[in-house]
Amino acid sequence: MDEKYFPEQIESKWQQHWNEAGTFEAKSDDAREKFYCLEMLPYPSGFLHMGHVRNYSIGDALSWFKRLQGFNVLHPIGWDSFGQPAEQAAIKRGVNPRDWTEDNIEHMRGQLKRLGISYDWSREIAAHRPDYYKWDQWFFLKMLEKGLAYKKNSQVNWCPKEETVLSNEQSSGGICWRCGTPVEKRDLEQWFLRITNYAEQLVDDIKQIEAGWPDKVLKRQSDWVGRSEGAYIDFAVKDSDKKIRVFTTRIDTIYGATAVVLSAEHPLLAQLLEGSALKQDIDAFAQKLRTQRAAGREVGEEEKEGLNTGVLAINPFSGESVPVWVANYVLMEYGTGAVMSVPAHDERDFEFAQKYSLPIRQVIAPIDHQHTDAEPSPTTGGDASAEIKHSFIDYGVLVNSGERGGKLSPVAIAEMSAYAKEHGFGEAAVTYRIRDWGVSRQRFWGAPVPVVYCDKDGMVPVPYDQLPVMLPQTADFTGTGESPLAGVPEFVNTSCPECRGPARRDTDTMDTFVDSSWYFFRYCDPRNEGMPFDSSIASKWTPVDQYIGGDSHAVMHLIYTRFWTKFMRDIGLVNFDEPVKRLLTQGMVTNRVEGTDEWKAMSKSLGNGVDPDEMIAAFGADATRLFVLFAAPAENELRWSESGIEGAVRFLRRVYTMVWKWQERLSNPTQTSAMEFSPEARTLRRKTHQTIAKVTSDFAGLHLNTSVAALMELFNQIVDFNADPAKASEEDVFAMREALESLVIMLAPFAPHVAEELWENLGHAGGLVSASPRWPVADPELARREELEIPIQVNGKLRSRVIVAPDVSEEDLRAAALADERVKAQIDGHEVMKVIVVPRRLVNIVIR
RNA sequence: GCCGGAGUGGCGAAAUUGGUAUACGCACCAGACUCAAAAUCUGGCGUCCGUCAAGGACAUGUCGGUUCGAGUCCGACCUCCGGCACCA
């Protein structure tokens with residue numbers, strides 16, 4: 001090859017080699033230990049962006065590392081190819097979503113290959129192809145069979161821009177996850193999956209993965225599930241046989257309840273108001289609240305508003321009658337849609353009570369009296385309420401609570417829940433914030449819901465042997481809220497599997513997050529025609545050892561796939577609870593927005609995007625990847641820098657030239673029996689082994705940036721070695737070969753093409769990937785053996801240094817320090833109080 | 001508002017987990033090569049005092065504490081960034 005580093009030549013040569021040799025194809029019958037490295041599969045938008053490059057570079061580095069260590073690595077890729085952008089393209093530009101998607105995949109596959117990511121392309125999958133979505137439908141039917149899929153009419157999140165329903169996860173924060181449009185509420189009949197059945201496991205099993213997942217993701221998962229312990233309590237409606245069930249976590253405050261408050265959507269409301277003079281007012285009020293919510297008004301920012309219904313409810317503990325109100329701050333979706341209002345001990349109730357002059361009665365006293373002074377707490381009785389500024393929400397001692405006075409909150413909670421159960425007006429209960437997953441989408445580009453509706457037999461699941469329910473070639477892409485499939489008569493009109501009579505298909509498609517909930521199991525057995533995957537094959541690869549992707553999916557995809565895995569476990573497809581052992585959430589790639597000092601995520605609209613193809617053309621795939629991995633820790637934001645990438649090329653070029661200079665001498669090794677290394681050669685060998693140790697351990701925590709820094713340090717040492725290949729001794733050649741070969745192997749995860757080339761230049765045929773381990777192993781003796789320069793401090797101030805052997809004992813080190821002339825001068829005339837010896841670190845002498 | 005995370009050179013960042021703070025890279029400065037520039041190579045690069053030097057003082061958001069010793073541990077505060085946001 002060339003004396004100079006020409007990335008494009010080297011890269012195309014090795015990409016072709018890998019392709020032809022099938023270097024990265026994984027075999028499941030391999031006896032070696034497996035390693036499943038997975039990156040979140042891309043949506044085929046048409047173009048790779050730097051976020052993809054970063055994601056795949058991280059995964060590829062780890063895959064190479066494991067491969068070179070002798071693992072049987074599965075590193076697959078596929079396409080999350082159902083979803084909105086394809087349909088938007090169809091609406092706006094009249095292209096067929098299928099053609100658009102296939103073209104994009106074609107182009108992006110080329111980009112990924114030019115990046116040289118070591119994928120097993122033989123396992124490539126795409127969600128929009130019938131051989132894949134057939135299994136989405138299969139899973140749907142399984143869920144239907146197990147009672148986990150159901151249809152109901154409810155208020156759902158609606159994205160007015162994309163004209164479709166969104167799940168709660170996809171509309172977190174009140175905006176559409178894809179386009180950022182504020183969501184509205186709509187009443188629709190929808191398919192739901194009972195993720196709530198798994199709520200408890202989704203929280204409990206966090207302990208199985210907490211060692212391998214970032215804390216912030218686990219926290220968000222746990223917050224999203226929102227487990228909360230409390231009790232249901234029934235308040236009987238006065239002069240009626242009706243009961244209002246409330247949920248509370250603070251049953252110990254129930255003697256302070258001064259109202260019961262219902263959500264505007266509460267089903268009991270209409271019945272309670274039957275014949276009431278206030279019915280019209282209340283109806284209008286409830287209607288107003290519903291309208292506000294439908295408009296996507298931010299809950300929580302509004303002032304509390306309510307109306308007294310005139311109905312009274314009876315506190316089952318105190319027997320007291322309290323008014324029933326309707327208010328905007330009570331959510332139908334959580335708990336029972338009704339609360340007991342305890343203004344003295346709940347901030348929201350307090351705010352509400354102040355506005356409507358409801359009595360505020362203290363029933364919990366702080367235990368700590370100093371705390372009482374610092375924080376004004378509610379005083380007893382209604383008359384003092386004007387002075388109360390805050391509710392007291394902590395646990396404390398019960399007061400004004402009948403015979404329960406004097407008990408501590410936690411004790412009272414347990415006793416009172418038991419009491420309620422005993423007397424049949426309540427029980428301890430756990431509620432969850434998470435809602436069932438709405439999966440119907442009023443869109444074309446997704447997997448059709450495999451059910452039909454027959455006038456005679458009602459809703460009938462499509463039999464398994466009739467799957468897949470094929471998506472038609474095309475439809476009328478109007479972009480309105482109507483499902484496009486409804487306008488395709490050949491699709492809609494079918495026959496009932498039960499009675500053969502005429503029937504209509506469900507015209508909604510499934511959420512694309514269904515596709516991505518189980519895709520990495522399909523990679524294990526991607527061409528299976530009888531099952532989503534063969535359990536015995538999948539069990540050889542799964543669970544995923546390392547998953548890498550953005551934290552934008554911390555709630556959505558990651559909670560769905562955990563749910564899906566638990567379901568697959570329950571139907572016997574997998575035999576574990578958690579699909580992913582370790583998760584890395586990479587940071588964003590940002591660039592300066594032109595004309596400002598702001599660094600923002602690269603985007604077309606801001607004009608600060610960087611095209612990976614241009615970078616590859618200008619600097620090579622290796623340098624692009626090396627820079628991306630070196631510039632910042634993987635979890636951090638990565639600020640794009642063109643001069644940074646130039647630095648990466650510079651480094652690769654220097655390594656390339658160095659190998660070129662030495663390759664002739666190094667590729668013809670001669671053996672010498674007894675080596676006598678020069679001090680310079682010893683220094684180089686020490687650095688080589690220290691670097692091996694450092695890089696190997698850095699990989700365990702995916703500290704790729706410091707690995708690269710270590711490789712640069714090793715290279716700098718090689719430069720400092722400054723030997724002439726023509727005149728070098730056998731020892732020097734040995735040290736140099738050891739250093740350069742180690743460097744080249746360790747460079748492979750970061751810059752695989754040039755590493756392969758240099759490995760070849762060093763006289764090795766057949767490429768770096770082999771069935772046996774190739775990653776260098778550090779000699780612990782060599783990595784450690786060095787003379788140590790130990791600082792000597794007197795009273796914490798650096799006074800001298802002493803050079804000692806690496807295995808010097810603590811006593812000898814102490815003696816050497818005290819014998820040092822400059823130290824002697826310092827301690828002369830003072831009493832030595834203490835000598836602190838930190839082996840291999842320092843000596844500190846404390847004098848008076 | 002609540003819950004997390006983070007503050008280290010001009011910049012991205014290191015620091016073996018309490019032991020020589022600023023590794024590695026970028027930018028910058030100087031020198032070599034060149035008619036010149038680029039590229040490349042060599043050296044320098046926290047701040048201040050010191051003629052170069054030797055050396056010294058101060059530096060990890062602020063203020064205190066523990067310790068022979070603190071970027072790291074503890075307390076209070078400030079700032080920034082994320083997440084959730086009436087969840088009863």
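So you know, we letter chains A, B, ... as the sequences are listed, proteins then strands, and number each from 1.
- Applying the 90° cutoff around 0 to the glycosidic angle, rG7(B) is assigned anti.
- Note on Arg653(A): only backbone sugar-phosphate atoms sit closer than 4.0 angstrom, heavy atoms only; bases stay farther off.
- Between the CH2 atom of Trp599(A) and the P atom of rA13(B) there is a distance of 11 Å, given to the nearest Å.
- Summarising the base pairing, rA53(B) is matched to no nucleotide, lacking a Watson-Crick or G-U wobble pair whose two defining distances lie under 3.5 Å.
- Nearest-nucleotide mapping onto RNA chain B: of Arg250(A) and Asn716(A), the residue sitting toward the 5' end is Asn716(A).
- The gap from the C1' atom of rU66(B) to that of rG55(B) amounts to 32 Å, rounded to the nearest Å.
- Using a 4.0 Å heavy-atom cutoff across all strands shown, Asp223(A) reaches no nucleic acid atom at all.
- Listed pair Asn705(A) / rA14(B) meets the phosphate criterion, a side-chain N or O lying under 4.0 Å from OP1 or OP2.
- Nucleotides rC81(B) and rA70(B) place their P atoms 32 Å apart, quoted to the nearest Å.
- Note on Val719(A): only backbone sugar-phosphate atoms sit closer than 4.0 angstrom, heavy atoms only; bases stay farther off.
- Considering only the side chain of Leu842(A), rG19(B) comes nearest among rA88(B), rG19(B), rA14(B).
- Comparing rC86(B), rG4(B), rG19(B) by their closest approach to the side chain of Lys219(A) singles out rG4(B).
- Taking 4.5 Å as the limit, some side-chain heavy atom of Ile845(A) sits within range of a side-chain heavy atom of Val832(A).
- As rounded to whole Å, 14 Å separates atom P of rA88(B) from atom CG of Asp252(A).
- Contact annotation: the side chain of Phe630(A) never approaches that of Leu704(A) to less than 4.5 Å [non-hydrogen atoms, C-beta and beyond].
- The base-pairing partner of rG75(B), taking Watson-Crick or G-U wobble contacts with both distances under 3.5 Å, is rC63(B).
- Considering only side-chain N and O atoms, Arg639(A) lies nowhere under 4.0 angstrom from the phosphate OP1 or OP2 of rA13(B).
- Contact annotation: Lys834(A) side-chain N/O to rC68(B) OP1/OP2 distance is under 4.0 Å.
- Side-chain contact of Ser391(A) with Asp346(A): a donor-acceptor pair under 3.5 Å is absent, judged by distance alone.
- rG56(B) and rG61(B) have their P atoms separated by 26 Å, with the value rounded to a whole Å.
- To the nearest whole angstrom, the two C1' atoms, one in rU34(B) and one in rC26(B), are 26 Å apart.
- Put simply, Asn636(A) has a side-chain N or O that comes within less than 4.0 Å of OP1 or OP2 on rA13(B).
- If you measure from atom CG of Leu218(A) to atom C1' of rG83(B), you get 14 Å, rounded to the nearest angstrom.
- Closest contact between the side chain of Pro633(A) and the listed nucleotides rA88(B), rC26(B), rA14(B) involves rA14(B).
- With Trp224(A) as the aromatic partner, Arg433(A) meets the cation-pi criteria of under 6.0 angstrom to the ring centre and within 45 degrees of the ring axis.
- Of the candidates rA23(B), rC68(B), rU42(B), rU42(B) carries the atom nearest the Arg654(A) side chain, counting heavy atoms from C-beta on.
- Distance noted for atom P between rC28(B) and rG1(B): 44 Å (whole Å).
- Contact check for Tyr5(A) versus Trp660(A): no side-chain heavy atoms found under the 4.5 Å cut-off.
- Base pairing annotation: rC58(B) forms a Watson-Crick or G-U wobble pair with rG46(B), both donor-acceptor distances under 3.5 Å.
- Taking for each of Met712(A) and Gly337(A) the nucleotide of RNA chain B with the nearest heavy atom, the 5'-most of the two is the partner of Met712(A).
- Under the side chain to side chain contact (heavy atoms under 4.5 Å, CB included) test applied with Thr688(A), the options Ile718(A), Leu714(A), Leu743(A) reduce to a single match, Leu714(A).
- Under the Watson-Crick and G-U wobble criteria, each requiring two contacts below 3.5 Å, nucleotide rC11(B) is paired to rG25(B).
- Taking atom C1' in both rG9(B) and rG75(B), the straight-line distance is 29 Å, to the nearest Å.
- Distances from the side chain of Asp346(A) to the nucleotides rC68(B), rC86(B), rA88(B) place rA88(B) closest.
- Comparing the C1' positions of rC80(B) and rG25(B) gives a spacing of 25 Å, expressed to the nearest Å.
- Among the heavy atoms of the strands, none lies under 4.0 Å from Gly226(A).
- The pairing partner recorded for rG31(B) is rC41(B), the criterion being a Watson-Crick or G-U wobble arrangement whose two distances lie under 3.5 angstrom.
- Rounded to whole Å, the separation between the P atoms of rC45(B) and rC33(B) comes to 23 Å.
- Inspection of the Asn157(A) and Ser171(A) side chains reveals an N or O donor paired with an N or O acceptor under 3.5 Å.
- Ion pairing between a basic and an acidic side chain is recognised when a charged N comes within 4.0 Å of a carboxylate O; Glu713(A) and Lys694(A) show no such pairing.
- Taking a pair to require two hydrogen-bonding distances under 3.5 Å in either a Watson-Crick or a G-U wobble arrangement, rU16(B) remains unpaired.
- In terms of phosphate contacts, Ser172(A) brings no side-chain nitrogen or oxygen within less than 4.0 Å of OP1 or OP2 of rG83(B).
- In this structure rA88(B) sits in no base pair that meets the Watson-Crick or G-U test at under 3.5 Å.
- Its glycosidic angle being within 90° of 0, rU17(B) falls on the syn side.
- With both pairing distances under 3.5 Å, rG82(B) is matched to rC3(B) as a Watson-Crick or G-U wobble pair.
- Closest approach to the Arg220(A) side chain among rC86(B), rA13(B), rC84(B) is made by rC84(B) (side chain taken as heavy atoms from C-beta onward).
- Between Arg433(A) and the phosphate of rC84(B), there is no side-chain N or O to OP1/OP2 separation shorter than 4.0 Å.
- Residue-level contact check: Val846(A) touches the backbone only, with heavy atoms under 4.0 Å from sugar-phosphate atoms and none from bases.
- In this structure, of rC86(B), rC68(B), rG12(B), it is rC68(B) that holds the atom nearest to the side chain of Asn844(A).
- Side-chain nitrogen and oxygen atoms of Arg650(A) include at least one within less than 4.0 Å of the OP1 or OP2 phosphate oxygen of rC26(B).
- Between Phe352(A) and Trp325(A), the ring centre distance stays below 6.0 Å.
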